[in-house]
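Since the structure comes first, as structure tokens, the remarks are kept for the end.
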Protein chains: 2
Amino acid sequence: MMTIAEVSEKFDLSQDTLRYYERIGLIPRVNRNKSGVRNYTEEDCKWIEFIKCMRGAGLPVEVLIEYVGLFQQGDETLEARKELLIEQRNQLIMRIEEMKKTLERLNYKIERYEQAIVAKEKTLKRPEN
Amino acid sequence: MMTIAEVSEKFDLSQDTLRYYERIGLIPRVNRNKSGVRNYTEEDCKWIEFIKCMRGAGLPVEVLIEYVGLFQQGDETLEARKELLIEQRNQLIMRIEEMKKTLERLNYKIERYEQAIVAKEKTLKRPEN
DNA sequence: TATTGACTTGGAGTTAGCTCCAAATGGTAA
DNA sequence: TTACCATTTGGAGCTAACTCCAAGTCAATA
């Protein structure tokens, strides 16, 4: 059992973000003690870690909310959840591909800059010019 | 020479986005004809294509504005531009790495779902249960 | 008992990156 | 000439995803 302060620290997510995630259903509701204070279980932490990971890869909040919703409906939604994940995987693969291409382009561009800088330095060293 | 309508079509960017990019300095200023209408050159198109590519990989608008600004200052900024690109390349590499890990995780999760679904179907077919 | 400090809530505010709008203009077709 | 259409501008509005705030509650400490 952890407090929101500890969970915030552990996952490097602000307390506000943790409350926000819960409010919008991005993580299942966290239990409170008698005085209304959140008590995060291991299970809650796993959700948070999972969501943080997926968000970090750019999966939209909206889609993850849907996933959590399906999960809470039980085994009837196994297929739907699988389909959702497959769709997101496809998107992710495409984004990675796009980024890899851009990376190649950046590599090339940087190389060209290095050449240009060397060429410029040579020019400067040439006497009377 | 192309009109904004043609450029918009060609790069699949709205006319509003093209004007917006120019307004904020994300692409250099485009020349107008006597009546103030934009006339995009080949050069302009190359900038647009470059910016679209970099934005697609998630480079922030702010950083790209800086790059364009440096470019317009001429050869004095070769080194600064190179450094800027290297920094962005590093960020990009990290993001790709993160996404790849998430992709692996999604693959694993989907596999587990497939197993779970098969298991569930077997259960359903067992008589009287 | 009074104060402190972590926590709660609902709601407002912020940021990045567009997207839309209204009013004005200029070229072209009927 | 009149009507139409694409374009212009500055500025307002929008969406996603937080982030901040004020007012209130509770447990623990001085």
Side-chain angles (χ1 to χ4, degrees), chain A residues 1-41 44 47-48 50-69 88 91-92 95 98 102, chain B residues 1-41 44 47-48 50-69 88 91-92 95 98 102:
Chain A
M1 295 297 194
M2 302 172 83
T3 66
I4 197 168
E6 290 163 346
V7 175
S8 166
E9 171 81 6
K10 177 168 184 181
F11 294 106
D12 194 29
L13 289 171
S14 78
Q15 299 188 18
D16 269 315
T17 297
L18 289 170
R19 282 189 283 255
Y20 167 70
Y21 278 0
E22 186 180 342
R23 215 182 334 179
I24 64 173
L26 188 46
I27 55 169
R29 182 172 170 79
V30 174
N31 278 328
R32 322 290 152 111
N33 64 19
K34 337 82 215 143
S35 50
V37 175
R38 287 175 181 78
N39 240 320
Y40 289 82
T41 64
D44 293 327
W47 270 109
I48 290 162
F50 171 67
I51 290 297
K52 185 181 179 184
C53 175
M54 294 300 137
R55 286 291 304 125
L59 275 71
V61 161
E62 196 185 12
V63 170
L64 295 169
I65 289 173
E66 193 188 342
Y67 180 78
V68 174
Q88 294 307 309
Q91 304 272 333
L92 188 50
R95 266 180 287 143
E98 189 177 5
T102 302
Chain B
M1 296 294 193
M2 300 172 81
T3 65
I4 197 167
E6 289 162 348
V7 175
S8 166
E9 171 82 7
K10 178 168 183 182
F11 294 106
D12 194 28
L13 289 171
S14 78
Q15 301 188 17
D16 270 314
T17 297
L18 288 170
R19 282 188 284 254
Y20 167 70
Y21 279 180
E22 186 180 343
R23 211 178 342 171
I24 65 175
L26 188 46
I27 55 170
R29 183 172 169 80
V30 174
N31 278 327
R32 321 290 152 111
N33 64 19
K34 336 84 212 145
S35 49
V37 175
R38 285 174 181 79
N39 241 321
Y40 289 83
T41 65
D44 294 326
W47 271 109
I48 290 161
F50 171 67
I51 291 296
K52 185 181 178 185
C53 177
M54 294 300 139
R55 286 291 302 125
L59 275 71
V61 161
E62 197 185 11
V63 170
L64 294 170
I65 288 174
E66 193 188 341
Y67 180 79
V68 174
Q88 293 308 309
Q91 304 273 333
L92 187 51
R95 266 180 288 142
E98 188 178 5
T102 303

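Numbered from 1 within each chain, the chains take letters A, B, ... in sequence-line order. Keep in mind the model is a prediction, meaning the values are calculated, not measured.
In terms of the ring pair (Phe, Tyr, Trp, His ring centres under 6.0 Å) criterion, residue partners of Y67(B) (sequence neighbours excluded) are, by chain and number, F50(B). Here D12(A) pairs with K52(A) under the side chain to side chain contact (heavy atoms under 4.5 Å, CB included) rule; sequence neighbours left out.
Between L64(A) atom CG and I51(A) atom CD1 the span is 4.5 Å, to the nearest 0.5 Å. Summarising the geometry, atom CD belonging to Q88(B) is positioned 5.5 Å from atom CD belonging to Q91(B); distances are rounded to the nearest 0.5 Å.
Only at 4.0 angstrom or more do the heavy atoms of residues 4-13 of chain B sit from any atom of DNA chain C, so none qualifies. Remark: R32(B), G36(B), V37(B), R38(B) in residues 28-40 of chain B come within less than 4.0 Å of DNA chain D through at least one heavy atom. Remark: nothing in residues 51-59 of chain B comes within less than 4.0 Å of DNA chain D through any heavy atom.
Contact annotation: T3(A) reaches the phosphate of dC7(C) (side-chain N/O to OP1 or OP2, under 4.0 Å).
One interatomic measurement links the two molecules: CD of E62(B) to P of dT15(C), which rounds to 12 Å at whole-angstrom precision. Here dT7(D) presents its P atom at 11 Å from CG of L18(B), a figure rounded to the nearest Å. Distance CD (E22(B)) to C1' (dT8(D)): 11 Å, rounded to an integer number of Å. For the pair L26(B) CG and dG17(C) C1', the interatomic distance rounds to 10 Å; values are reported in whole Å. The interatomic distance linking I27(B) (CD1) with dC18(C) (P) rounds to 12 Å, in whole Å.
When every heavy atom of L92(B) is checked against every heavy atom of A57(B), the shortest pair comes out as CD1-O, 3.8 Å.
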Extract from the structure each pairing of a protein N or O with an N or O of nucleotides 28-30 of chain D at less than 3.5 Å, listing the distance.
none

Each nucleotide N or O in nucleotides 19-23 of chain C that has a protein N or O under 3.5 Å away: list the pair and distance.
{"unit_1": "dT19(C)", "atom_1": "OP2", "unit_2": "T17(B)", "atom_2": "OG1", "d": "3.3"}
{"unit_1": "dC20(C)", "atom_1": "N4", "unit_2": "D16(B)", "atom_2": "OD1", "d": "3.1"}

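Each salt bridge (charged side-chain N to carboxylate O under 4.0 Å, His left out) pair with one or both residues in residues 53-69 of chain B, not counting sequence neighbours, would appear here, but there are none.
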Would you be so kind as to tabulate the donor-acceptor pairs closer than 3.5 Å made by side chains of residues 18-31 of chain A, with sequence neighbours excluded?
{"unit_1": "E22(A)", "atom_1": "OE1", "unit_2": "R38(A)", "atom_2": "NE", "d": "2.7"}
{"unit_1": "E22(A)", "atom_1": "OE2", "unit_2": "V30(A)", "atom_2": "N", "d": "3.1"}
{"unit_1": "E22(A)", "atom_1": "OE2", "unit_2": "R32(A)", "atom_2": "NH2", "d": "2.2"}

Please tabulate, for the side chains in residues 2-10 of chain B, all donor-acceptor contacts under 3.5 angstrom to protein atoms that are two or more places apart in sequence or on a different chain.
{"unit_1": "T3(B)", "atom_1": "OG1", "unit_2": "A5(B)", "atom_2": "N", "d": "3.4"}
{"unit_1": "T3(B)", "atom_1": "OG1", "unit_2": "E6(B)", "atom_2": "N", "d": "3.2"}
{"unit_1": "E6(B)", "atom_1": "OE1", "unit_2": "T3(B)", "atom_2": "N", "d": "2.9"}
{"unit_1": "S8(B)", "atom_1": "OG", "unit_2": "L13(B)", "atom_2": "O", "d": "2.7"}

